[in-house]
Every structure is written in C-alpha cells, then in structure tokens.
Protein chains: 2
Amino acid sequence: MDGFEYENGLNQDLDSETLFIVSQTFKALGDPTRIRILNLLSKKECSVNEIVETLDIRQSTVSHQLRFLKNLRLVKYRREGTTLYYSHDDEHVMLILKQMIDHACHS
Amino acid sequence: MDGFEYENGLNQDLDSETLFIVSQTFKALGDPTRIRILNLLSKKECSVNEIVETLDIRQSTVSHQLRFLKNLRLVKYRREGTTLYYSHDDEHVMLILKQMIDHACHS
DNA sequence: TCCTTATATGAACACATTAGCATATATTGA
DNA sequence: TCAATATATGCTAATGTGTTCATATAAGGA
C-alpha cells in the first residue's frame, strides 16, 4: 500500500504542504525589518511613508518587504488617493508574533 | 535628552536586543528541516540516528541543524554511552510551533 | 496636459544559508 | 590497544536573501 505511512496518524512527520506554509510564515517573521513593520502595523494602520519615517528605513526597502508580506497575506492595504494604508491581515500570525516578543522580553 | 525616544512607552519600535532574539528564533523555525526535527522532538526524545532514520535526512545535516538549535537553546541532549538523546528545551517556542502548524493545517 | 507626490519595480551586489562529502572525535567493548 | 559505532566538524558549492540605486507607474491637482 504505497504512501500508507503518509495517511495515518502514526507518521511523525508533517505533510509537505503544511511544512511549506509553516516554514514560509516563520521565514517571513525571521527578518528584523519585517518584524519591525509588522509590530508597527499591530499598533496602527500606516501609510508606506509613515512606516518609512517611523522606522527610518528606505522607501524601496519598505515597499519590497510589504510586497513580501502581502504575498503571504500577512498584510493588506486600502487606497486613499495616492496614499496606500497598510494593515495586518492575519490575526493568528500577529498573535504568534506578539507571543514571541513577550517571550523574548521576559527571558 | 539623548535616546529619550528609546526609553518611553510612546516609541512604537522594538529595542534591538528583543528584535535580535525574536528574529533569530523565528529564523530557526523558518527552515523545513529544522521544523521537521523540532516537530519530531515535540513528540519524543530521539537519538541523532533515530532522527536520521525517521526523517530520512543525512547524518551530517541533522547534526549541523541540531547544533544550530542547541546554540539557540531550543534543544538539549543527554548522553547514554555513545548515543546522544536530544529533546526540546523551550516549551514556549514549541507551543508557538504547534500553534503555527495547527494554523497551517486549518487554513 | 504637466507637475508633484506616493508607491512600486527591476537589476545588481553583498552576504547568509543549506546540504553534502570527507574526515575527525568520542565512547564502548573485545 | 584496536575496531566498531555514534556523532560532530571543516570545507565547499549552490542557492537564497536583503538592501540599494535608479527608474517606472499611478493618482490628484493646477
């Protein structure tokens, strides 16, 4: 019975799709710049320029990282004129981020 | 007053030490091989060889990744003869891993 | 339409990461 | 001491990642 070991509860390994999503998401959280952006967005919706000025990161860097986070559906945006307001888009991941920050602070 | 903005609660950014720990830890979780190893160790203590055979990963790769996880104090080991038994060493991080896996499964 | 502001994109570079091979080390038992 | 087993380490090639500069696009107002 081919693939049996991948279909029952005895297998101690993760299926490849779950593994991919989990590693991708943690990878997104594994960069200081992205963490700072997400941490800021956890507090308030921000335009790209607000992020640039608050965190003192170059505009193109912020834009690249926002695209990265957008692709993973970790952030979303709404337009108002020429301004784009970004906000977080995954409550659960934001909660995990907060937990890790708290864990790091108290360790 | 130099550095004032880094010492009060108004600052929306994270301090650099917290940022470093958080990003390092998430980076550790951002690799499929390390996730598989940690997931296995979340279920039971394992020797290096058990990890190698259960997950079908080369011995040197497992050993390298275990050292990586050990440096971050995410795993620990005990010796029994020539065999080293590894287990997880950070309940909170393991809980975060479990949460992310559950999140990925149900999405 | 033209200018200005806001944001996105593409290319290139420096740097980090990962896996694999070969080999080293360490422990046990004969 | 020597062999066998278990694990760690050094090096390297391939690949991936993050930032920057320069430039493009898009929307609004004059």
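For clarity, every value in this text was computed on a predicted model and none was experimentally measured. The sequence lines fix the lettering, A, B, ..., with proteins before strands; numbering per chain opens at 1.
Interface residues of residues 61-83 of chain B facing DNA chain C, ordered by number: T61(B), H64(B), Q65(B), R79(B), G81(B), T82(B); criterion, heavy-atom separation under 4.0 Å. Annotation: proximity of residues 18-55 of chain B to DNA chain D (heavy atom, distance under 4.0 Å) is found for S47(B), V48(B), N49(B), numbered in ascending order.
Applying the 3.5 Å distance criterion, the base of dA8(D) shares a donor-acceptor pair with the side chain of Q59(B).
The backbone N or O of E80(A) sits nowhere less than 3.5 Å from a side-chain atom of R78(A) that would complete a donor-acceptor pair. A donor-acceptor pair under 3.5 Å links the side-chain atoms of E50(A) to the main chain of S47(A), judged by distance alone. Distance alone, capped at 3.5 Å, places no donor-acceptor pair between the S63(A) side chain and the Q59(A) backbone. A donor-acceptor pair is defined here as one N or O able to donate and one able to accept, closer than 3.5 Å; no such pair exists between the side chain of R79(B) and the backbone of L84(B).
Heavy-atom minimum distance, L97(B) versus I35(B): CD1-CG2, 4.1 Å. Listed here is the closest heavy atom pair of F26(A) and M100(B): CZ-CB, 3.5 Å. Listed here is the closest heavy atom pair of K76(B) and H88(B): NZ-O, 3.7 Å.
Every pair passing side-chain hydrogen bond (donor to acceptor under 3.5 Å, both in side chains) that includes a residue from residues 17-32 of chain A is listed here, sequence neighbours excluded: D15(A)-T18(A).
Nucleotides of DNA chain C that come within less than 4.0 Å of any heavy atom of chain B span, from the 5' end to the 3' end, dT17(C) to dT28(C).
Atom-to-atom, CG of L84(A) to P of dA27(D) comes out at 10 Å; the value is rounded to the nearest Å. At whole-Å resolution of the value, CZ in R58(A) and P in dA22(D) are 11 Å apart.
Contacts of Y86(A) with the nucleic acid, taken as non-hydrogen atoms under 4.0 Å apart, involve only primed sugar atoms and P, OP1 or OP2.
Heavy-atom neighbours of K98(A) NZ from other residues, nucleotides or ligands within 6.0 Å: at or below the threshold of 12.
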Should L69(B) and L41(B) be marked as a side-chain contact (heavy atoms from CB on, under 4.5 Å) after you check the CA-CA gap, both sets of side-chain angles, and the distance that decides it?
CA-CA 12 Å; L69(B) 295 170; L41(B) 295 181; 5.7 Å; no
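Under the rule for a salt bridge (charged side-chain N to carboxylate O under 4.0 Å, His left out), the partners of R36(B) that lie at least two apart in sequence or sit in another chain are D13(A).
Between its opening and closing five pairs, the helix from dT1(C)-dA30(D) to dA30(C)-dT1(D) changes axis direction by 10°, a value rounded to 10 degrees.
L55(A) pairs in a side-chain contact (heavy atoms from CB on, under 4.5 Å) with only one of the listed residues (N39(A), L40(A), T33(A)), which is L40(A).
Ring centers of Y77(A) and Y85(A): at least 6.0 Å apart, outside the cut-off.
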